[in-house]
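In what follows, a structure is listed as structure tokens, so that the remarks can point back to it.
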Amino acid sequence: MSRFYDDKETRTPEQREGELFNALPRFIAHAQSQSPAWGKLLAGVNPADIRSRKALAHLPVLRKPELKAMQEATPPFGGFNTLKTGAVPRLFMSPGPIFEPEAPGEDPWRSARALYAAGVRPGQVLQNCFAYHLTPGAWMVDAGARKLGCAVIAAGIGQTEQQIDIVRALKPDAYVGTPSFLRIIIEKAQELKLDISQLKRALCAAEALPPSLRAWFKEQGVETVLQWYGTAELGCVAYESEAMEGMILDEDCILEIVRPGTGDPVPDGEVGEIVVTNFNTAYPMIRFGTGDLSAVLPGASPCGRTNVRIKGWMGRADQTTKVRGMFVHPGQVAEIVKRHTEIARARLVITGEMANDAMTLHCETEAGSPALAEAVAKTIRDITKLRGEVQWAARGSLANDGKVIEDARKYD
């Protein structure tokens with residue numbers, strides 16, 4: 001069986017670039033003519049002119065806040081869809097809320113390639129521990145696994161002891177889900193003195209996978225833990241191979257790294273925001289700004305795949321951060337402060353390590369008390385759906401740098 005999913009993975013960079021940009025004008029023309037939103041956003045653009053990275057960089061970047069606002073004005077998809085709502089297989093709602101349609105066809109999220117690079121092969125069994133409820137993560141894996149010819153255990157999240165029973169009874173070849181939930185499963189099995197050592201492989205997403213946590217998994221007997229990166233709007237964007245040297249870009253999208261807050265590409269190696277153009281004809285995304293930071297790595301992967309590599313997830317361009325699989329937004333911090341007039345300014349600090357992180361809201365106030373701290377902690381939980389501590393600070397003591405969320409976790 002081939003080491004590669006298909007011949008696309010070993011194209012020369014020049015061949016790949018040429019084929020992508022030869023296809024781009026037709027894709028843009030389709031989006032303009034079939035999607036009211038793209039027809040408006042790209043009014044006056046001649047698709048035939050968009051045949052290079054320089055030309056592509058002149059188009060506007062679409063970011064989540066704009067997408068959300070357009071969906072609110074023109075529900076449910078903001079006019080970005082090219083098919084009627086009832087003509088797609090599945091409909092999803094991600095936090096925001098932002099709505100996403102699933103495109104028709106096999107493997108519409110392009111996840112089979114990432115699974116194959118992680119060592120998953122036809123006839124294997126996957127324990128899919130992404131949520132099947134509302135968000136598309138589990139369905140991305142499900143579709144890719146079916147494309148490969150694998151059986152999928154629709155395990156979802158939670159019910160840790162049942163997850164352990166599944167591992168012991170069905171003996172999956174791989175776990176797929178967040179790294180933090182895999183850690184919870186392993187620690188619970190150790191607590192119950194139950195053997196799940198047959199679980200040797202994992203493919204993780206939706207959270208950072210720092211080297212320290214990957215090393216911990218290996219110490220527990222999970223020999224191969226790889227990660228992939230994607231979004232609900234774009235599908236799979238990049239993935240690790242067993243070489244574990246950067247994340248390899250998917251073959252059916254165009255990546256740009258831009259200076260945060262702009263649409264200007266930065267030089268290779270410089271950290272910036274991930275911006276992606278996909279070729280999903282049912283839900284086109286052209287220069288979609290993910291809000292995630294990364295940088296391009298030089299050269300090709302030692303595994304033999306020749307596509308561009310990125311360093312992986314390096315934080316958020318817009319201060320939005322992910323804690324235990326949930327996004328926390330600057331607007332949520334503002335809402336917490338608004339509900340407690342005693343707080344003059346606040347800064348949410350995320351500390352610890354991934355899968356063992358903690359949130360502390362540092363609040364400038366002259367009226368700090370245990371009762372107020374308890375009330376603020378309850379508000380944090382109500383708004384973010386996560387637990388957080390409260391720490392009082394003197395007026396004027398928090399850094400005046402514009403940050404309301406600080407990610408101080410250790411990733412090394």
Tell me, please, which residues at least two apart from Arg26 pass salt bridge (charged side-chain N to carboxylate O under 4.0 Å, His left out).
none
Note: Glu251-Arg305 ion pair, threshold 4.0 Å (strictly below):
no
Check whether Asn128 reaches the backbone of Ala154 with its side chain - one donor and one acceptor, N or O, closer than 3.5 Å.
no
What pairs with Glu270 under salt bridge (charged side-chain N to carboxylate O under 4.0 Å, His left out), at least two apart in sequence or on another chain?
Arg259
Residues forming a side-chain contact (heavy atoms from CB on, under 4.5 Å) with Asp6, sequence neighbours excluded
Lys8, Glu9, Arg113
Counting only heavy atoms not in Gln190, do more than 12 fall under 6.0 Å of its CD?
yes
By ring pair (Phe, Tyr, Trp, His ring centres under 6.0 Å), which residues pair with Phe279, not counting sequence neighbours?
Phe27
Any sub-3.5 Å donor-acceptor pair from Arg345's side-chain atoms to His362's backbone N or O?
no
Any salt bridge linking Glu72 with Lys68? Criterion: basic side-chain nitrogen under 4.0 Å from a carboxylate oxygen.
yes
What residues form a side-chain contact (heavy atoms from CB on, under 4.5 Å) with Ala205, not counting sequence neighbours?
Phe130, Trp228
Under the 3.5 angstrom rule, does the side chain of Gln220 hit a backbone N or O of Trp216 as a donor-acceptor pair?
yes
Sorted by chain and residue number, the side chain to side chain donor-acceptor pair (under 3.5 Å) partners of Gln332 (sequence neighbours excluded) come out as none
Contacts of type side chain to side chain donor-acceptor pair (under 3.5 Å), residue Lys200, not counting sequence neighbours
none
N/O donor to acceptor pairs below 3.5 angstrom from side-chain atoms of residues 135-144, sequence neighbours left out:
unit_1: Trp139; atom_1: NE1; unit_2: Tyr132; atom_2: O; d: 3.3
unit_1: Asp142; atom_1: OD1; unit_2: Arg146; atom_2: NE; d: 3.1
unit_1: Asp142; atom_1: OD2; unit_2: Tyr132; atom_2: OH; d: 2.9

Identify, with sequence neighbours excluded, every residue that meets side chain to side chain donor-acceptor pair (under 3.5 Å) alongside Asp195.
Ser197
Provide the closest heavy-atom pair for Ala373 versus Val390 in the form atom of the first, atom of the second, distance.
O-CG2, 3.7 Å
Is Glu364 paired with Arg347 through a side-chain N to carboxylate O contact shorter than 4.0 Å?
no
Kindly list each side-chain donor-acceptor pair under 3.5 angstrom involving residues 87-98, sequence neighbours excluded, with atom names and distances?
unit_1: Arg90; atom_1: NH1; unit_2: Glu102; atom_2: OE1; d: 3.0
unit_1: Ser94; atom_1: OG; unit_2: Glu100; atom_2: OE1; d: 3.0
unit_1: Ser94; atom_1: OG; unit_2: Glu100; atom_2: OE2; d: 3.0

Under 4.0 Å between a Lys/Arg side-chain N and an Asp/Glu carboxylate O for Glu66 and Arg63?
no
When you check the gap from the basic side-chain N to the acidic O, do Arg201 and Glu223 get nearer than 4.0 Å?
no
Without swapping roles, check the side chain of Asn81 against the backbone of Thr85 for a donor-acceptor pair under 3.5 Å.
no
For Tyr5, enumerate each residue passing the ring pair (Phe, Tyr, Trp, His ring centres under 6.0 Å) test, keeping only those at least two apart in sequence or located in another chain.
Tyr116
Taking only residues two or more places apart in sequence or in another chain, which ones pass ring pair (Phe, Tyr, Trp, His ring centres under 6.0 Å) with Phe80?
Trp38
Check: Glu245 side chain, Ser301 main-chain N or O, donor-acceptor pair, under 3.5 Å
no
What do the steps show when you test Tyr239 against Ser111 for side chain to side chain donor-acceptor pair (under 3.5 Å), and what is the final call?
CA-CA 9 Å; Tyr239 56 89; Ser111 64; over 6 Å; no
